[in-house]
Structures are given as C-alpha cells and as structure tokens.
Amino acid sequence: MILMLLGPPGAGKGTQSQLISERLGLPQLSTGDMLRAAVKAGSPVGLKAKKIMAEGGLVSDEIVIGIIADRISEPDCAKGFILDGFPRTLAQADALDDLLKSKGRHIDCVIELRVDDTKLVERIECRARETIAAGGTVRADDNAEALKTRLIAYYRETAPLIGFYYAHRLLKTVDGMAPIADVSGQISEVLNQFQHA
Ligand SMILES: Nc1ncnc2c1ncn2[C@@H]1O[C@H](COP(=O)(O)OP(=O)(O)O)[C@@H](O)[C@H]1O
C-alpha cells in the first residue's frame with residue numbers, strides 16, 4: 001500500500017506517519033528527515049539544501065525527486081511505503097505519478113491532516129520549547145522567520161495538492177486538531193475502510 005500524508009508544517013505528519021509505519025510495517029519516507037541527514041553528513045545534496053532549509057524555503061524539485069526515486073527503488077519499499085513531506089509541489093506530484101506508473105504502481109490513499117492555521121505557529125513553538133527542555137537541539141527552521149517562509153511555501157506550492165488528489169479521488173481528510181491518539185484512530189478507520197473496500 002502506498003500512502004501519503006499531506007498537511008502544513010506542524011500538522012503532525014511525522015508523528016502520524018511513524019505510527020502508521022509501526023502499525024502496517026511499512027517504511028516511512030520523510031524527505032525532511034532525509035535532507036536533514038544529508039545536511040548533517042555534508043553530502044553534495046546536503047550542501048545545496050542547508051541554507052534553503054534553514055530559511056524555510058523549498059529545496060529544488062530535481063533534488064527531492066532524485067532522492068525519492070532512489071529511495072522507493074530499495075527492497076524495503078516493495079510492499080509499500082508512507083510518504084511524509086513529499087510531494088510538496090505539483091511538479092513533484094506529477095513526477096511521482098510518472099515514477100510509480102513506470103513501476104506499474106499507484107498511490108492508494110492520501111490523508112490530509114486538517115489543522116487550524118492559527119494553531120500551527122503555537123504548535124511549532126511548543127515543539128521547540130519541549131525539545132530544549134529535553135536537552136535536544138531545535139531544528140534550524142523552527143524559528144519565527146523561517147516558519148513564516150515555510151507557511152508561505154506551503155500555501156503557495158503545497159496546498160494546491162489537496163485539490164489535485166481530491167480530483168484523483170484519493171483524498172481522505174482527518175481532523176488534525178484532535179489529540180495524537182484520536183488522529184491516529186481516525187486514520188486507522190480510513191485505512192480499515194480502505195482495506196475492506
Ligand atoms: N518535498 C520537498 N520539496 C522541497 N523541499 C523539501 C521537501 N521535503 C522537505 N523539504 C525541505 O525540508 C524542510 C523540512 O521539511 P519537513 O521535515 O517535512 O518539515 P515540516 O513539515 O515541519 O515543514 C522544508 O522546509 C524544506 O526546506
């Protein structure tokens with residue numbers, strides 16, 4: 001099964017993808033995590049992505065499409081996978097369709113986490129405070145300025161994907177404002193209906 005989580009920064013895509021990954025035994029493919037690992041490793045991709053990410057902008061389609069194309073060819077993706085943070089632009093969505101088509105595969109379900117815009121900044125600031133309290137390192141892009149850029153990038157580039165996947169009859173919307181366990185329960189319901197359909 002090929003699943004996708006869609007929603008703005010701070011919507012809980014990472015948290016929910018991880019839970020689905022554990023439940024279904026499918027790998028979670030987070031382009032954000034992969035890019036952060038590339039930055040940390042100082043690879044050529046990481047060097048290109050570092051500044052853009054810290055400022056909250058989008059890394060080029062070419063780079064992320066390349067990363068995903070390589071990743072979904074790995075053996076652990078044979079049974080399916082969960083996309084978290086990809087695609088983020090219509091060009092990425094088209095490239096994904098082409099990639100999957102060339103392998104005779106298709107997206108099964110796109111889950112939109114709908115959240116109240118005014119809560120997003122609050123959530124991300126809270127995440128930063130909790131990380132500091134736990135002695136961790138705050139993400140370079142979890143600051144007010146970068147967050148503004150991330151939200152603008154989301155509404156300009158990524159939000160149109162909601163209409164795109166709705167038109168493809170793949171979209172299921174869940175309430176991302178509920179507590180983590182409730183959101184997870186709603187997603188399970190969607191996936192159950194889906195598996196029994
Ligand atoms: N598909 C993508 N296309 C372009 N840039 C991406 C993509 N995925 C991740 N990035 C880069 O990584 C950053 C962090 O992504 P992510 O961890 O998914 O965070 P969040 O969902 O909280 O914004 C993005 O702001 C962007 O710079």
Side-chain angles (χ1 to χ4, degrees), residues 1-38 40 64-65 67-88 92-93 95-97 99-101 103-116 119-120 122-124 126-128 130-131 134 136 139 142 150 154 158-159 161-197:
M1 177 150 60
I2 299 179
L3 300 174
M4 184 191 299
L5 272 275
L6 207 56
K13 298 184 296 290
T15 306
Q16 295 300 332
S17 310
Q18 201 180 329
L19 291 171
I20 305 170
S21 162
E22 284 160 13
R23 197 175 315 132
L24 302 183
L26 296 175
Q28 170 192 5
L29 274 45
S30 159
T31 40
D33 286 349
M34 293 180 212
L35 289 167
R36 277 186 288 276
K40 204 166 169 203
V64 287
I65 291 165
I67 291 180
I68 284 291
D70 289 347
R71 184 64 186 87
I72 66 178
S73 307
E74 307 239 338
D76 66 332
C77 289
K79 279 202 198 128
F81 46 85
I82 304 152
L83 291 166
D84 159 15
F86 180 93
R88 256 179 160 91
Q92 292 177 18
L96 176 65
D97 274 351
L99 254 174
L100 294 177
K101 229 176 253 163
K103 294 174 186 285
R105 307 182 76 178
H106 61 270
I107 299 163
D108 293 285
C109 183
V110 175
I111 297 169
E112 178 201 1
L113 291 175
R114 187 162 291 172
V115 294
D116 177 350
K119 297 279 178 206
L120 291 175
E122 225 172 83
R123 273 194 177 186
I124 292 175
C126 178
R127 172 165 80 188
E130 284 171 2
T131 306
R139 272 171 50 172
D142 273 355
R150 281 158 68 197
Y154 175 77
T158 312
L161 296 181
I162 294 170
F164 178 85
Y165 288 117
Y166 175 78
H168 281 83
R169 306 246 183 281
L170 290 172
L171 194 77
K172 300 282 178 194
T173 300
V174 304
D175 171 18
M177 297 308 295
I180 291 176
D182 295 0
V183 178
S184 170
Q186 290 178 59
I187 294 176
S188 296
E189 269 173 41
V190 166
L191 297 179
N192 284 343
Q193 285 170 8
F194 194 79
Q195 281 167 325
H196 299 147

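Everything quoted here is computed from the prediction, not taken from an experiment. When a residue number appears, it is its place in the shown sequence, counting from 1.
Open room surrounds NZ on K119; 12 or fewer heavy atoms of other groups in view lie less than 6.0 Å from it. Taking a 6.0 Å sphere around CD1 of I180, one finds it holds 12 or fewer heavy atoms contributed by other residues, nucleotides or ligands.
The closest side-chain heavy-atom distance from H106 to L100 is not below 4.5 Å. With a 4.5 Å cut-off on side-chain heavy atoms, L26 and I2 do not count as touching. Contact check for P27 versus E74: no side-chain heavy atoms found under the 4.5 Å cut-off. Contact annotation: the side chain of I20 approaches that of L5 to within less than 4.5 Å [non-hydrogen atoms, C-beta and beyond]. In this structure, L191 and L3 have side chains that are in contact, with non-hydrogen atoms separated by less than 4.5 Å. Between K172 and C109 the shortest side-chain heavy-atom distance falls below 4.5 Å. Annotation: side chain of F164 is in contact with side chain of D97 (closest heavy-atom distance under 4.5 Å).
From L6, atom CG reaches atom OH of Y154 across 5.5 Å, with rounding to the nearest 0.5 Å. Rounded to the nearest 0.5 angstrom, L113 CG and M177 CE are separated by 11.5 Å. The line from OG of S184 to CD of E189 is 10.5 Å long, rounded to the nearest 0.5 Å.
Between the side chain of T131 and the backbone N or O of G136, no donor-acceptor pair lies under 3.5 Å. Under the 3.5 Å distance criterion, the side-chain polar atoms of Q28 are left unmatched by any main-chain donor or acceptor of D84.
A pairwise comparison of heavy atoms in G10 and R123 identifies O-NH1, 3.0 Å as the closest pair. Between A78 and R105, the shortest heavy-atom contact is O-NH2, 2.9 Å. Nearest approach of A93 to P87, heavy atoms of both residues: N-CB, 3.5 Å. In this structure, Q92 and R88 approach most closely via the heavy-atom pair OE1-N, 2.8 Å.
No side-chain N or O of K13 forms a donor-acceptor pair with one of S30 less than 3.5 Å apart.
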Criterion side chain to side chain contact (heavy atoms under 4.5 Å, CB included) on I67 and F86, from CA distance to verdict: CA-CA 10 Å; I67 291 180; F86 180 93; over 6 Å; no
Using the rule given for side chain to side chain contact (heavy atoms under 4.5 Å, CB included), can you reason through I124 versus R150, listing the C-alpha separation, both sets of side-chain angles and the distance that settles it, and then say yes or no? CA-CA 12 Å; I124 292 175; R150 281 158 68 197; 4.0 Å; yes
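Just one of I65, I72, V64 meets the side chain to side chain contact (heavy atoms under 4.5 Å, CB included) condition when paired with I68; it is I72. When each of S21, C77, S17 is checked for a side chain to side chain contact (heavy atoms under 4.5 Å, CB included) with L29, only C77 meets the rule. M4 pairs with exactly one of L170, L96, L171 by the side chain to side chain contact (heavy atoms under 4.5 Å, CB included) rule, that one being L96.
Under 4.0 Å is where a charged nitrogen must lie from a carboxylate oxygen, and between R71 and D76 at least one such pair does. Salt-bridge formation is not detected for the pair K40/D33: no Lys NZ or Arg NE/NH1/NH2 atom is positioned less than 4.0 Å from an Asp or Glu carboxylate oxygen.
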